[in-house]
Number of protein chains: 2
Amino acid sequence: MTPKQKVYQEVLHEIRKFIENHDLEPGDKLPSERELSEKLQAGRSSIREALRAIELLGLIETRHGEGTFLSTYRSYQTVDLLASFILQENKTKNDIILVKRIIEKEAAKIAFSSLTEKEIAELDEIVQNQTAETAQIHRTFFNCLVKKTDNLLLARIWMLLEEFSNTIQVLNFHNAFYRELVSLYKAKAYDLIEPLFHKYSN
Amino acid sequence: MTPKQKVYQEVLHEIRKFIENHDLEPGDKLPSERELSEKLQAGRSSIREALRAIELLGLIETRHGEGTFLSTYRSYQTVDLLASFILQENKTKNDIILVKRIIEKEAAKIAFSSLTEKEIAELDEIVQNQTAETAQIHRTFFNCLVKKTDNLLLARIWMLLEEFSNTIQVLNFHNAFYRELVSLYKAKAYDLIEPLFHKYSN
DNA sequence: TTTTATAAAGTGGTCAGACCACCTCTACTT
DNA sequence: AAGTAGAGGTGGTCTGACCACTTTATAAAA
């Protein structure tokens, strides 16, 4: 016996099948809630429970008065919500700082190979800015790097941690760190990135 | 003006706040749907839409006739669904694999200093197990290491990513990798950990 | 004919109420 | 004391009713 599944779970499954069978692609429209309700022999509320769940996962997008569409972009809303729960039960400051440092270090390494001269110059400019605070420089600097990794998940996690860091007292790197990192980019010295982070991470 | 948020989104937020304010822990019971409906001034269906979404993420667990509880374990529902829907996209998949590798590498390094002889022996045993599949070895092995980092946040992120990996086709390390890593632990050769990961990460 | 109002239809958003199925606990029976 | 029937609470589901918004069809005005 299959332990009776909830209706919304079946609906979830049916919707997936529908998308598959009709070769729907991001941006395409799903049948209306009322239509699905009839077709799948389920109450509209059950249909909606399923849709809301999928929506939270960032797979669909609903537009009031228009309809429900397959998402065109990966929203990572899921990651956000999970993070808010996880961060809530893990308020250990040191844990957050450590993970954030790891992400930043790896982002710095991944970005290395794809950085153009122009982008390195931009980073240099950020670092040379005398008027900005260190926290501001840090954010702008790593925001660039993280985006250059072309890894949305990595970027998202970093942004969440960065946001959270603002609410706690976080020690940034020494000013010299950023300048030295840019130097390494200019010198194409990949292997020195890892040691640089170690040097400045006490 | 706040761009009018949907009720279920607000409910989501309220529930999270409730958990925080009441210091609810995994296993604890949430108020009933009808009670939340009254307290948050929202229809029961809106409450349910929010709960279903959280449920799909594996954060809560509902038991028919009993109530809604904070999950003690992270269910696999989300992962399965995501996988069956959209994880076919290589971009997302690769993002996850990359972040997971980073965490594993750093966990291996952090754990280094706190590993006792006995624990290293345990790792050795896991690796030597001939009957287990590679995926199984991988999970057990890194589960140990991740816990040894004594960083709950890191551990949680890894566990989530590990779950995701289970539903997608993930290439594990070659068998030799695990043995070599244990050897490094035995030899106390910290500096060779990073290169080892590079070597096996094609 | 073209343009512009206006109305109608379709769609998601939300709520209230009604049942059903299931669990627990209590009070009653044996 | 043990067992049982029932009441009350809880999630599960459906229906029908509005509302707000968008698109489209229709009619009026230019």
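Keep in mind the model is a prediction, meaning the values are calculated, not measured. Chain identifiers are assigned alphabetically (A, B, ...) following the order of the sequence lines, protein sequences preceding nucleic acid strands; residue numbering begins at 1 within each chain.
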Are the charged groups of [X] and [Y] less than 4.0 angstrom apart, N to O?
X      : Y      : result
A/K186 : A/E117 : no
B/R16  : B/E20  : yes
A/K109 : A/E106 : yes
A/K39  : A/E14  : no
A/K100 : A/E104 : yes

Next item on the list: Report, as a single string ordered 5' to 3', how protein heavy atoms within less than 4.0 Å touch nucleotides 7-15 of chain C: B base, S sugar-phosphate only, - not at all.
Entry: ---BBBBBB
Checklist line | Which atom of B/T62 lies closest to which atom of B/E55, heavy atoms considered | finding: OG1-OE2, 2.7 Å
Enumerate the protein-to-nucleotides 5-7 of chain D contacts in which both atoms are nitrogen or oxygen and the separation is below 3.5 Å.
none

Next item on the list: Identify which one of B/L98, B/I96, B/I102 satisfies the side chain to side chain contact (heavy atoms under 4.5 Å, CB included) criterion when paired with A/L154.
Entry: B/I102
